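Since we're looking at a predicted model, the values are computed, not measured. Reminder, nothing fancy here: chain letters follow the sequence lines and each chain counts from 1. Note: hydrogens, waters and symmetry copies are ignored here, and every other heavy atom, side chains too, is used.
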Number of protein chains: 2
Amino acid sequence: MQISSRFTIAIHIFTCVEVFKENYSVTSDFLSGSINVNPVVIRRILQQLTSAGLIEVKRGKGGGITVKKPLDKISFYDIYKAVECVDNGELFHFHDNPNPECPVGRNIHAVLDGELSDIQTAMEISMRKKTIADVIKSAKKRIEEEKQK
Amino acid sequence: MQISSRFTIAIHIFTCVEVFKENYSVTSDFLSGSINVNPVVIRRILQQLTSAGLIEVKRGKGGGITVKKPLDKISFYDIYKAVECVDNGELFHFHDNPNPECPVGRNIHAVLDGELSDIQTAMEISMRKKTIADVIKSAKKRIEEEKQK
DNA sequence: TAAAGTGTAATGTCAATGGTTACAAAACAT
DNA sequence: ATGTTTTGTAACCATTGACATTACACTTTA
């Protein structure tokens, strides 16, 4: 299976907040326009990001999103964890009931667990290296370049 | 989301074939017993592995599974690719229609694509390093150790 | 107090995963 | 040839997660 679009949407949200906060009130409706998904979907993601302590959301007129951590301290991994509701944080879904009376069945878990977590770790390390700051830098650069044409 | 249990089941299958081929006819029913899933589910996975050219399956009495490549040439990645039907092979599901009239919306794809594929590559490299041979070695060792107690 | 926004419940659709039954087709042993 | 074993597959079903959508209560501020 794929990592859900909530992940890329979340990054999109951070980018919009940063790019537009000076000139617009960045609400779930506003974001909905840029991202092209229903505002409620956005709000659900905002809540997950709030629960993870990455942002704060205010209601009412002039309300909106405040990022709670320095952008270069928010990694892809933080967002992934906030937004992806994976069972126990396990990337791999192990088949549940191997037969304990079979020598392979009763050992397969012990044999594989380490290997699988190596793979998961490789992915997570790579995610930790990337931050929102990188994305925003690169986005701003592209937007500037567009203007010059 | 998680990588489906088909992946760990496939590895379980290879291990059983290797461990039991001398003494048993390793059929989908036999495997069903060790893995504890329905034989049809096993057969579906066997077909995916066949399509990937990793094994051959024979029908009828005495039929069963033949592994078509050296065990140390079958990596976790090969199995992952065979068994996990991911859209385009993309690990991340990008939200489909960012608004092209928004500066962020029309650039987000270009900005993120490279980063996401870095992450996916990290995971895949790590998967390529692990082979069925490793698993079987480790499984046989454990089974031996069990006998000595 | 009205307007602007978020929080959240309820509902619906869609796709993927897995389970299960059933049976045809193949391969082999006798 | 015939029966037996085993795979290939179709046809269901249930469950789950993802997203979309409507609706409305609750907050906050002007």
Nucleotide [N], atom [atom2] - distance to [atom1] of [X] in whole Å:
{"X": "Gln2(B)", "N": "dG17(D)", "atom1": "CD", "atom2": "P", "answer": "10 Å"}
{"X": "Phe7(B)", "N": "dG18(C)", "atom1": "CZ", "atom2": "P", "answer": "13 Å"}
{"X": "Glu56(A)", "N": "dT6(C)", "atom1": "CD", "atom2": "P", "answer": "14 Å"}
{"X": "His93(A)", "N": "dA16(C)", "atom1": "NE2", "atom2": "P", "answer": "17 Å"}
{"X": "Lys58(A)", "N": "dT27(D)", "atom1": "NZ", "atom2": "C1'", "answer": "13 Å"}
{"X": "His95(B)", "N": "dA18(D)", "atom1": "NE2", "atom2": "P", "answer": "16 Å"}
{"X": "Met1(A)", "N": "dA18(D)", "atom1": "CE", "atom2": "C1'", "answer": "8 Å"}
{"X": "Lys61(A)", "N": "dT29(D)", "atom1": "NZ", "atom2": "P", "answer": "12 Å"}

Of Gly62(A) and Ile3(B), the one whose closest DNA chain C nucleotide lies more 5': Gly62(A)
Any side-chain hydrogen bond (donor to acceptor under 3.5 Å, both in side chains) pairs touching residues 37-47 of chain A, not counting sequence neighbours?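 Output for this query lists Ser28(A)-Arg43(A).
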Of the non-hydrogen atoms in [X] and [Y], which two are nearest, and what is the gap between them?
{"X": "Val135(A)", "Y": "Ile11(A)", "result": "CG1-CG2, 4.0 Å"}
{"X": "Phe14(B)", "Y": "Ile136(B)", "result": "O-CD1, 4.1 Å"}
{"X": "Leu91(B)", "Y": "Gln120(B)", "result": "N-OE1, 3.0 Å"}
{"X": "Leu116(B)", "Y": "Thr8(A)", "result": "CD1-CG2, 3.9 Å"}
{"X": "Ser25(B)", "Y": "Phe30(B)", "result": "O-CB, 3.8 Å"}

Whichever of Gly63(B) and Gly60(A) has its nearest DNA chain D nucleotide further upstream toward 5':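 Of the two residues, Gly63(B) wins.
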Please answer whether the main-chain N or O of Phe7(B) pairs with a side-chain N or O of Glu84(B) as donor and acceptor at a distance below 3.5 Å.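 No, Glu84(B) side chain to Phe7(B) backbone: no donor-acceptor pair under 3.5 Å.
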Hey, does the side chain of Ser5(B) come within less than 4.0 Å of dG18(C)'s phosphate (OP1/OP2), counting only N and O?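 Yes, Ser5(B) has a side-chain N/O under 4.0 Å of OP1/OP2 on dG18(C).
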Do Ile45(A) and His12(A) have side-chain heavy atoms sitting under 4.5 Å apart?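 Answer no - side chains too far apart.
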Between Lys141(B) and Glu144(B), does any side-chain N to carboxylate O distance fall below 4.0 Å?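 No.
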Interface residues of residues 18-30 of chain B with DNA chain C (non-hydrogen, below 4.0 angstrom):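 Contacts with DNA chain C under 4.0 Å: none.
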Quick check on contacts: within residues 33-54 of chain B, what sits under 4.0 Å from DNA chain C by heavy-atom distance? Val37(B), Asn38(B), Val40(B), Val41(B), Arg44(B)
base_contact_polar (dA25(C) base, Arg59(B) side chain, donor-acceptor, <3.5 Å): yes
